[in-house]
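Below is one structure, written out as structure tokens; the observations come after it.
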Amino acid sequence: MALKIYNVLGREKVEFQPQHEGHVNMYVCGPTVQDYAHIGHAKTYIAFDVIVRYLRYSGLSVLYVQNITDVGHLLDSGEDRILKKAAQLQAKPMQIVEFYARSYFEDMDSLGIKRPDISPRASGHIPEQIKMIETLMERGHAYLADGSVYFDVASAPNYGKLSNRRITELEAGSREVVRDEKRNPEDFALWKKAEPEHILRWDSPWGEGFPGWHIECSAMAKKYLGETFDLHGGGVDNIFPHNECEIAQSECANDAEFARYWMLVGSLTVDGVKMSKSLGNFITIKDALKKYRPEVIRTFSLSAHYSNPVDFSDDALQAAAVGWERLYGAVRLARQMLPAAPATDAGSDFLPRLEQARTDFRAVMDDDFNTPKAIAQLQELTREVNTLLNSGSPVGKAALEAIIATYNELGGDVLGIIPAAEAGGGANAEREAGLIKLIVEARQAARKAKNWAESDRLRDALAALDVIVEDRADGTVWRVN
RNA sequence: GGCGACGUGGCCAAGUGGUAAGGCAAGGCUCUGCAAAAGCCUGAUGCGCCGGUUCAAAUCCGGCCGUCGCCUCCA
């Protein structure tokens, strides 16, 4: 079955055919590193992480580029955001930017998001941006006004094709401050003249200044992916003006189609309102990770289709956590049973069911990355796996290994919600495991002697240390919570 | 006002023409020394409302109501 993607450009679900067979060139709008990343960022980048993982799982080679915006853009007040922060903290702008860029990567790593192949920074691509602006001027799509360069929207025939905006609709009643030097209010800056107080500034043919908000993506996408590439992603909230401007600039400068498929992710809301820097209602990824495992945050983010908004709440995360624990519990049990399992083909009847799970999984993921349905299928599989593992009859090594492999592959490699087997953790962990085993055995002895008071005391004491013991027909298993 | 998305059981959420997945919560049960875990059973005669098309509509069309996003920095 062929992969289908809902292309925002054209607003329909279409078969995905990369420009070069077997290869996907992909660009996703990255963060502005001026503050800690919040769980809205987590939702967006988890979505694209799974998309990239699945494309690769499908056998495609993917070149994934995601920018880091570190040049700063204009506030309503005209003050540069990063400068403002730098002034507050009495630090150099690049120091601020470096700090939050590192923090961003740290957060993404914590969430199990695989790093993009290239994370280009706007500040490192000033020459490329200047060059593109020059091209736009040569072609009559941009003009110089008072040391700044603006894109002439009226010269871009396709302006509005992604967001369905018509220039005429944008005019009157806009809250935007109409700058005198602009020919039309909808024109946007490609290059801004730096006022004397600006620290972030670069030389350019038009004097010292800094690049406009949109040009970095156009310039960096071109540099690493070419004039025309396959997939462009980002949050829906950037569809206008940012994405629209990217298209206009790139297509006017390159005289070639920009991105062929556009995938936009729905926003994350809190109490029904979008989480954003400007509203100050954001929960940082670092804070969220104090309360929830990364796999739970991923499960929560993937429980609705990527294009839909998702509302954050502790109740919702809690529900996701319980649902996730059921999935993980089945794999964990299979892993625990493996060492003592007989080397027979007991349970091999289950192998076709696992093959079916793979087939079903691919079918729903091929349908525009339907992760909620994929998770639902894993839940159904889990019910059957639990029935098998708790049936009382022996399950052979081969069957257990196949079960574990299926979860590792679909839940682990693709969705990133099933962690790899518990890490060894070195000598201390081994000693700890040995000690726990000793206590569990002591409790077993007490149970055998029907000394319930003692066995319950040991169980409670372990529970107080977050070690959960469960008595099964075939013995007692324990896990660290 | 314009552009866009959405409205499915108590909550979350799949489903884009053929008779409502899955999870959470709730109740009952099995298993268990008790637990825990797991499993089984129960739950929308109806998918915001009103019309229309069709043999057939949650799914298509029209209208209305409501929620959210964007139009200003934002993932």
Side-chain angles (χ1 to χ4, degrees), chain A residues 8 11 13 28-32 34-35 37-48 66 69 72-76 81 160 163-166 168-177 186 213 233-242 244 264-269 272-279 282 299-300 303-305 307-311 313 315-316 318-327 329-330 333 364 367 370-380 382-387 389-392 447 450-452 455-456 459-460 463 468-473 476-477 479:
Chain A
V8 178
R11 313 262 169 191
K13 201 189 278 185
V28 171
C29 287
T32 302
Q34 59 171 358
D35 207 334
H38 55 66
I39 53 176
H41 295 111
K43 178 190 188 292
T44 297
Y45 299 120
I46 286 169
F48 286 110
Q66 185 194 110
T69 298
H73 297 299
L74 291 176
L75 281 175
D76 288 340
R81 294 190 309 220
S163 61
N164 281 328
R165 251 90 168 181
R166 295 282 161 271
T168 49
E169 292 165 355
L170 297 171
E171 286 175 8
S174 171
R175 276 163 287 179
E176 188 177 348
V177 181
E186 60 271 15
W213 174 31
V236 263
D237 50 342
N238 271 339
I239 188 170
F240 189 89
H242 181 62
E244 199 64 71
L264 301 178
V265 176
S267 298
L268 183 138
T269 58
V273 181
K274 195 184 84 164
M275 178 176 294
S276 69
K277 284 168 185 166
S278 55
L279 292 175
F282 65 85
T299 302
F300 169 73
S303 66
H305 190 254
S307 61
N308 289 342
V310 141
D311 195 55
S313 69
D315 283 352
Q318 209 50 253
V322 177
W324 172 81
E325 273 159 22
R326 179 159 165 277
L327 286 179
L333 180 57
V364 299
D367 186 13
N370 195 332
T371 57
K373 211 166 179 179
I375 292 172
Q377 287 177 354
L378 285 181
Q379 288 286 3
E380 286 178 89
T382 296
R383 176 170 16 88
E384 295 173 51
V385 168
N386 278 327
T387 299
L389 299 186
N390 294 309
S391 64
R447 291 186 72 219
K450 297 198 188 300
N451 184 351
W452 308 127
S455 97
D456 290 351
R459 181 171 64 197
D460 293 347
I468 308 301
V469 295
E470 290 171 14
D471 300 319
R472 292 169 48 80
T476 296
V477 296
R479 65 170 193 273

Test for a donor-acceptor pair under 3.5 Å between the base of [N] and the side chain of [X], counting only N and O atoms.
X	N	result
A:Arg459	B:C34	yes
A:Asp456	B:G33	yes
A:Thr269	B:G69	no

Give a yes or no on whether the backbone of [Y] and the side-chain of [X] come within a donor-acceptor separation of less than 3.5 Å.
X	Y	value
A:Lys43	A:Pro309	no
A:Thr382	A:Arg326	no
A:Ser313	A:Ala316	yes

Check every strand shown and say whether [X] touches a base, only sugar-phosphate, or nothing at a heavy-atom separation below 4.0 Å.
X	answer
A:Ala319	sugar-phosphate
A:Gly30	sugar-phosphate
A:Ile375	nothing
A:Ser455	base
A:Lys274	base

On a heavy-atom basis, which atom in A:Ser163 and which in A:Phe240 lie closest, and how many Å separate them? OG-CD1, 3.5 Å
Using a cut-off of strictly less than 4.0 Å, decide whether [X] has a side-chain nitrogen or oxygen near OP1 or OP2 of [N].
X	N	result
A:Ser163	B:C70	no
A:Arg326	B:G39	yes
A:Asn390	B:G39	no

By nearest nucleotide on RNA chain B, pick out whichever of A:Arg472 and A:Gly323 is the more 5' one. A:Gly323
Contacts of type side chain to side chain donor-acceptor pair (under 3.5 Å), residue A:Asn451, not counting sequence neighbours: none
List, with names and distances, any nitrogen or oxygen atoms from the protein found under 3.5 Å away from nitrogen or oxygen atoms belonging to nucleotides 9-17 of chain B.
from  : atom 1 : to       : atom 2 : distance (Å)
B:A14 : OP1    : A:His305 : N      : 2.8
B:A14 : OP1    : A:Asn308 : ND2    : 3.1
B:A14 : O3'    : A:Asn370 : ND2    : 3.1
B:G15 : OP1    : A:Asn370 : ND2    : 3.0

Check for me: is A:Tyr45 stacked on B:A75 by the 5.5 Å centroid and 30° plane-angle rule? no
Side-chain donor-acceptor pair under 3.5 Å between A:Asp471 and A:Thr476, yes or no? yes
Please tell me which of the listed nucleotides, B:C34, B:A75, B:C3, lies nearest to the side chain of A:Asn238? B:A75
Look at the side chain of A:Glu470 and decide which nucleotide, out of B:C68, B:A37, B:C24, has an atom nearest to it. B:A37
To the closest 0.5 Å, what do you measure between CZ (A:Phe300) and CD1 (A:Ile46)? 10.0 Å
